[in-house]
2 protein chains.
Amino acid sequence: MKELSTKQSRILSFLHQFLDNKGYPPTIRDIVKGCKISSTSVVEYNLRALEQEGHIRRDREVSRGIELSGGRRIVRVPIIGSIAAGEPIPVPTSDTWGLEAMESLELTEELTRGKKEVYALKVKGTSMVDALINDGDLVLMQQVATAENGDMVAVWLKREKEATLKRFYLEPGRVRLQPDNEEMKPIYVDPEDVEIQGKVIGVIRKVE
Amino acid sequence: MKELSTKQSRILSFLHQFLDNKGYPPTIRDIVKGCKISSTSVVEYNLRALEQEGHIRRDREVSRGIELSGGRRIVRVPIIGSIAAGEPIPVPTSDTWGLEAMESLELTEELTRGKKEVYALKVKGTSMVDALINDGDLVLMQQVATAENGDMVAVWLKREKEATLKRFYLEPGRVRLQPDNEEMKPIYVDPEDVEIQGKVIGVIRKVE
DNA sequence: CCCCCTTTCGAACGCTTGTTCTAATAACGT
DNA sequence: ACGTTATTAGAACAAGCGTTCGAAAGGGGG
């Protein structure tokens, strides 16, 4: 990994600026004007170097075919429903995924940590306070079939007809569900009674 | 604000998909192929409608000159320190802002809601549990001098030498600090004792 | 000074792409 | 059925745009 020449870093910052400003990448001739370079082939030359170093990705023969490398990705996370104490937890199906009309949340990959099959649930009611989750909070979920010990999961307790968010520990003959709050006591349930609906990977609270 | 035709919403979602995928907007002919439309002028026609409705912004005569409206902007929020019970709350100064080496958080404007002067604090310890905030949580803050009743604020209690996050209510002769948790009781303090350090606009918890 | 490498220059070629125009077709209320 | 408006077709134009190429200009190191 070499370091960039002054011209290359000027081009790179111009790319960021242009993209932030206009919403689409510049043409080579835009870069010529923006960076006060004299010829398109000079830009082509340095662009090739920037691509080599991995700072950008180019689609050849395509106008404005420049993509900035680096996790500036935005992920659209669907809010597929709400989670409340007395109602079953909605689980994503093929139907619910593609739907465009659905409410959604725009996040960076920093929050989803690159995981796929991420969705969100809106918390209704204050029944999850022992997991430090409030009414109106958004819970980021990853669709999983099984959980490992220590995972924060969304479970449906069949007998109690309750949805809850707790840390999952499989112990001999029973399941311990530990609230994410040191002051609260865990609850113990029959393994047959728990239905794991997803893994919690984050909580987002918008205040006010 | 009319509603979109099926073709228009299909174009719109194709725009999102293409942009997420490639990092730059599609050409009109890309849309023709991607949405199985028969002619470029049909796309032009519907694009014009989408622009009219404010869903996109176009730069005429410019290839791929389509920008999606709506806050797909990414904001870099600096994590300027941590907040704990026994330590003062760090307040952003001109020094702390521009620093590049600092740890930071990449968020969409959906979370910061377009506000400026937003920073983040990492919560150390479990002293904020009564505000439903856990050890390790990130608190999104907006720098403000004064607070209004009902605002969720970060305050420094001079006498107790404690930092805490509560809802702020100025009452006759005293300040009521109400935890964001119905099960907890408020605390009352002398107005002289409170120092408002910022307004909480969000909480982010990464689980596991 | 000479050799080798990097960088710059300017022009030209040819595909790409937004736009426009005319005509045709569908949708729809009266 | 009629007229009006919305939508679609297809083609063609002109400017936009990435690419290429040969040559020239630096720029160290021996």
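Small disclaimer: the values here were computed from a predicted structure and weren't measured. So you know, we letter chains A, B, ... as the sequences are listed, proteins then strands, and number each from 1. No hydrogens, no waters, no symmetry mates; every other heavy atom, side chains included, goes into these values.
Taking atom CD on E53(B) and atom P on dA6(D), their separation rounds to 13 Å, with Å as the unit. Computed from coordinates, the D59(A) CG to dT16(C) P distance equals 14 Å when rounded to whole Å. Atom-to-atom, CD of E44(A) to P of dG10(C) comes out at 17 Å; the value is rounded to the nearest Å. The distance from atom CZ of R10(A) to atom P of dT8(C) is 10 Å, rounded to the nearest whole Å. Spacing between atom NZ of K36(B) and atom C1' of dT8(D) amounts to 18 Å, rounded to whole angstrom units. Distance, Y24(B) OH to dG18(D) C1': 13 Å, rounded to whole Å. Here the C1' atom of nucleotide dC5(C) and the OH atom of Y45(A) are 8 Å apart, to the nearest Å. One atom, CG of L47(A), and another, P of dC17(D), lie 15 Å apart when rounded to the nearest Å.
Salt-bridge formation is detected for the pair R159(A)/D190(A): a Lys NZ or Arg NE/NH1/NH2 atom is positioned less than 4.0 Å from an Asp or Glu carboxylate oxygen. A salt bridge is defined here as a Lys NZ or Arg NE, NH1 or NH2 lying under 4.0 Å from an Asp or Glu carboxylate O, and R57(B) with D59(B) meets this definition. Look at D30(A) and R64(A) and you find a salt bridge, because one of the NZ, NE, NH1 or NH2 atoms lies within 4.0 Å of a carboxylate O, short of that distance.
An OP1 or OP2 oxygen of dT19(C) is reached within less than 4.0 angstrom by a side-chain nitrogen or oxygen of R58(B). Of the side-chain N and O atoms in N46(A), none sit less than 4.0 angstrom from OP1 or OP2 of dT6(C). Between R64(A) and dG18(C) there is no side-chain N or O to OP1 or OP2 distance below 4.0 Å. The side chain of R60(A) contributes no N or O atom lying less than 4.0 Å from OP1 or OP2 of dT20(D).
Residues R58(A) and L47(A) are in side-chain contact: their nearest non-hydrogen atoms beyond the backbone lie under 4.5 Å apart. A heavy-atom distance below 4.5 Å is found between the side chains of P26(B) and F14(B). A 4.5 Å side-chain heavy-atom check between R167(A) and L177(A) finds every atom pair outside the cut-off.
Checking E61(B) against S41(A), the closest nucleotide of DNA chain D that is more toward the 5' end is the one next to E61(B).
Near DNA chain C, meaning a heavy atom under 4.0 Å from it, residues 25-35 of chain B has T27(B), I28(B), R29(B) in order of number.
Donor-acceptor pairing under 3.5 Å, judged by distance alone, is absent between the side chain of S63(B) and the base of dG18(C).
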After noting the C-alpha distance and the side-chain angles of K166(B) and T164(B), does the key distance pass the side-chain hydrogen bond (donor to acceptor under 3.5 Å, both in side chains) rule? CA-CA 6 Å; K166(B) 300 273 193 304; T164(B) 185; 2.6 Å; yes

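Listed nucleotides: dT19(C), dG10(D), dG10(C). Nearest to the side chain of S39(A): dG10(C).
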